[in-house]
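Below is one structure, written out as structure tokens, with a few remarks after it.
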Amino acid sequence: MQFFNHIAEALTIYFKDEYEIELSSSDVQIQPTRKEFEGEYTLVVFPLSARVKKAPPVFAEELGEYLMLHSDFVDGYNVVKGFLNMSLSAHFWREMMEQVSDTEAAFKNMDYRGRLVLEYSSPNTNKPLHLGHIRNILLGWSMYKIKQRCGHEVIRTQIVNDRGVAICKSMWAWDNYAEGETPDSSGLKGDHLIGKYYVTFDKVFNEEYALWQNSDEAQKYYKDHAEDGQSPADFFKKFKNRYFNEHSKIGSEVRKMLLLWEEGDPQVTQLWKKMNDWVYAGFKETYDKLEVTFDKTYYESDTYKLGKDLVEQGLEKGIFYRKDDGSIWVDLTDAGMDEKLLLRGDGTAVYMTQDLGTARVRYDDFKMSEMTYVVGNEQDYHFKVLFEVLKRLEESYADGLYHLSYGMVDLPGGRMKSREGNVVDADDLIEEVIQTAHSSVTERGGLEGFSEEDQKENIRRIAMGALKFHLLKVNPKKRMVFNPEESLDMQGHTGPYVQNAYVRIQSITRKMSDHTLTGFEDYRDINEEEKALIQLLLAYREVVLKSADEHDPSHLANFLYQLGKTYHRFYHEHHILRAESDAAMSFRFKLSQAVGQTLEDGMELLGISMPERM
RNA sequence: GGCUUCGUAGCUUAACUGGAUAGAGCACUUGACUACGGAUCAGGAGGUUGCAGGUUCGAAUCCUGCCGAAGUCACCA
């Protein structure tokens, strides 16, 4: 910020003239003064006094005196231990008010930071989106907005996992049990319909498995393979996957389906396409409700064979090696990781192979210098390895790779398990939040006189504001326990609270049309609340940059809450339209406008729209 | 077991990357201008920052060791 530079410059000159010491910018630490002390900004003197070997309080006095004399901005000071609290002049506040009023100016002329490919959704086509996906998607969308604001050119992508055993299970179950059921005939959203048959498969398979467990064959297996003291229940729980692959009748049918799919069998392909189209229509609906879009969608069915040539190249370069069975590996033990398989002995790909290939394809498509993956922290190790391998392959974007790893969303009862049915479905959740906002709004009657269409839109914005803010206000890295009731809160530290500050300002703006703005330059006695607002507005740009650099929208969300809170307080303490003078009214109105614009802009960066009324 | 991440008020969380007396919200409780919109505001109560050491002017933050939680260590995705 300009003021920080101003002080830093003054101090640099002072240190040079007085002590012949070159200051670096990190020596100068300025922070807002804590509210229990007098002043608005505080210089932390410890690092500076250490440079000249003087006692901090004594040196703070010395600097305070110097700044009083040599800066128009510093009007007074006091010293508490090693802290120099500065009070700033009316001249400072007026000048900052000018600066802050031009809300557009803060992000003009940002340096171009290059092209960034951002992957922020990777759904499976065998089940609908749930709460975890929502956190993923909202984080990604916000990062897109923030990165773009800070000078990046962002390409938004998703990778759809549209192949494999899982989708074949749904296909098999649909084929055998659906009797031709479609989204149209059932009234179910496409992704929910497919999810339904995924569950059907699980049920049928479990029944088959339970039956088998009583057979002589199964009993023999138990006797031959169970560990000492292992109960049948325990044994068969662990054996389930092997049963599917080696004994199950329907398991073999599903695996056959997968093989047919891989061979491009027309009938299976047709079924696969039909069902996937249903799912995509369902996903699109959910994405629309979340207000997100993509520039480019990658499908695993296109990419799952990629990456083999990259692996071959690595082998030629000598950074990978081949084992006797023909499989290809990379040894990362020198980087503190393991040996990692990159290609199976039979030449087929593993997950890692695909990801290597997909990264290269994206480079071919976009020539990006950076790439960010928004993926849950259960894959931390995978990405660590992936990035290391890409680095060894000397991919040009390797230094620009980042895994935006977010914590799992758990429910009060523990982890979400789709098989056990305790998942929070994305569509259900959105519906529920909208319902809550609806009853909340009708209770208050804030939208009376609006057309039905406008009411609906305002309610939607409030509801989505609540949900999005709830998920974005916490540090992405942290695992979060999602209490459905709390996400529906609309008071306190919430999206609607911030929206309410904005709505109040809009209300004032509408009424202001009767008044004329005159003489705000003459306003002298700038009060505490006004100063606090200006200070916050001055910090906005820094906060956005910080969120961009740290890949963390929660800084921005918490800042907006703080700004809203400070405005609510100001609003309560001081009259605006009925201010004591024209000058005060103009000043406060202008300040309110700046706050309103900043709130709206900041929420937009979180993917949240403002209602006009609520 | 190895590695990674995380333990802050009853609950959900913040702390400008080592700065002042750890700051909010929910819940609980006492109040508020004959309303520029009460989805608001002011106050009260609630903390040995998991435990024990260490580093220094100064530690929730850095180091070490415990205790507890989660994730991950597949020729799964």
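Proteins get letters first, then strands, A, B, ... in listed order; numbering begins at 1 in each. Since the structure is predicted, the reported quantities are computational estimates derived from the model, not experimental observations.
Base contact: A/E550 has a heavy atom under 4.0 Å from a base atom. At a threshold of 4.0 angstrom between heavy atoms, the contacts of A/R444 include nucleobase atoms, whether or not backbone atoms are also involved. Using a 4.0 Å heavy-atom criterion, one finds that A/V165 contacts no nucleic acid atom at all. Residue contacts shown for A/H568 are limited to sugar-phosphate atoms, with no base heavy atom under 4.0 Å away. Among the atoms of the strands shown, base atoms are found under 4.0 Å from some heavy atom of A/H574. Nucleic acid contact for A/D162: none, since no nucleic acid atom lies under 4.0 Å from a heavy atom of the residue. Residue A/V543 is out of contact with every strand shown, counting any heavy-atom pair closer than 4.0 Å. No engagement by A/K477 is indicated, since no non-hydrogen atom pair under 4.0 Å with the nucleic acid exists. Using a 4.0 Å heavy-atom cutoff across all strands shown, A/Y561 reaches sugar-phosphate atoms only and no base atom.
Side-chain rings of A/F201 and A/F205 approach one another, their centers coming within less than 6.0 Å. In this structure, the ring of A/F83 has its center less than 6.0 angstrom from the ring center of A/F46. Between A/Y373 and A/H403, the distance separating the two ring centers is not shorter than 6.0 angstrom.
Put simply, the side chain of A/K384 never gets that close to the backbone of A/M337: no donor and acceptor are under 3.5 Å apart. Proximity of a side-chain donor or acceptor of A/R255 to a complementary backbone N or O of A/N245 within less than 3.5 Å is detected.
The CG-P distance, from A/L536 to B/A24, rounds to 14 Å in whole Å.
Not one side-chain nitrogen or oxygen of A/K35 sits closer than 4.0 Å to the OP1 or OP2 atom of B/A20. Side-chain N/O atoms of A/R569 include none lying less than 4.0 angstrom from OP1 or OP2 on B/C41. Between A/K81 and the phosphate of B/U21, there is a side-chain N or O to OP1/OP2 separation shorter than 4.0 Å.
Evaluation of A/F83 against the base of B/G19 yields no stacking contact (centre distance < 5.5 Å, interplanar angle < 30° required). For B/G19, the base is stacked against the aromatic ring of A/F46, per a cut-off of 5.5 Å between centres and 30° between planes. Under the stacking definition used here (centres under 5.5 Å, planes under 30°), the residue A/F37 qualifies as stacked on the base of B/A20.
Other residues, nucleotides and ligands contribute only 12 or fewer heavy atoms inside 6.0 Å of the NZ atom of A/K477.
On the C1' atoms, B/A77 is 44 Å away from B/G47, given to the nearest whole Å. Only the P atoms considered, B/G10 is 30 Å distant from B/G1, to the nearest whole Å. Separation of the C1' atoms belonging to B/C51 and B/C67 is 7 Å when rounded to the nearest angstrom.
If A/T42 and A/I462 are placed on RNA chain B by their nearest nucleotide, the residue sitting closer to the 5' end is A/T42. Between A/I508 and A/P47, the residue anchored nearer the 5' end of RNA chain B, judged by the nucleotide with its closest heavy atom, is A/P47.
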**Request:** Sugar-phosphate means primed atoms, P, OP1 and OP2; the rest is base. With that split, encode nucleotides 72-77 of chain B 5' to 3' as B, S or - using protein heavy atoms under 4.0 Å.
**Result:** SS-BSB

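Judged by the 6.0 Å and 45° rule, A/R163 forms a cation-pi pair with A/Y304. Geometric assessment of A/K478 against the ring of A/Y406 yields a negative cation-pi assignment under the 6.0 Å and 45° thresholds.
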**Request:** Could you go through the salt bridge (charged side-chain N to carboxylate O under 4.0 Å, His left out) check for A/D191 and A/K127 one step at a time?
**Result:** CA-CA 6 Å; A/D191 48 342; A/K127 52 183 177 237; over 6 Å; no

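A/R588 and A/E529 are not joined by a salt bridge, as no carboxylate oxygen comes within less than 4.0 angstrom of a charged side-chain nitrogen. A salt bridge links A/R461 with A/E457: the closest approach of a Lys/Arg side-chain nitrogen to an acidic carboxylate oxygen falls below 4.0 angstrom.
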**Prompt:** Pairing of RNA chain B as dot-bracket, 5' to 3': ( ) intra-strand, [ ] crossing, | other strand, . unpaired, with Watson-Crick or G-U pairs under 3.5 Å?
**Reply:** (((((((..((((.....[...)))).(((((.......))))).....(((((..]....))))))))))))....

Pick out the pairs of N or O atoms, protein on one side and nucleotides 13-16 of chain B on the other, that lie under 3.5 Å.
unit_1: B/A14; atom_1: OP1; unit_2: A/N475; atom_2: N; d: 3.1
unit_1: B/A14; atom_1: OP2; unit_2: A/K478; atom_2: NZ; d: 2.9

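A/Y41 and A/S87 form no side-chain donor-acceptor contact under 3.5 Å, judged by distance and modelled atom types alone. Side chain to side chain, A/D162 and A/S301 meet the donor-acceptor criterion of an N or O pair below 3.5 Å.
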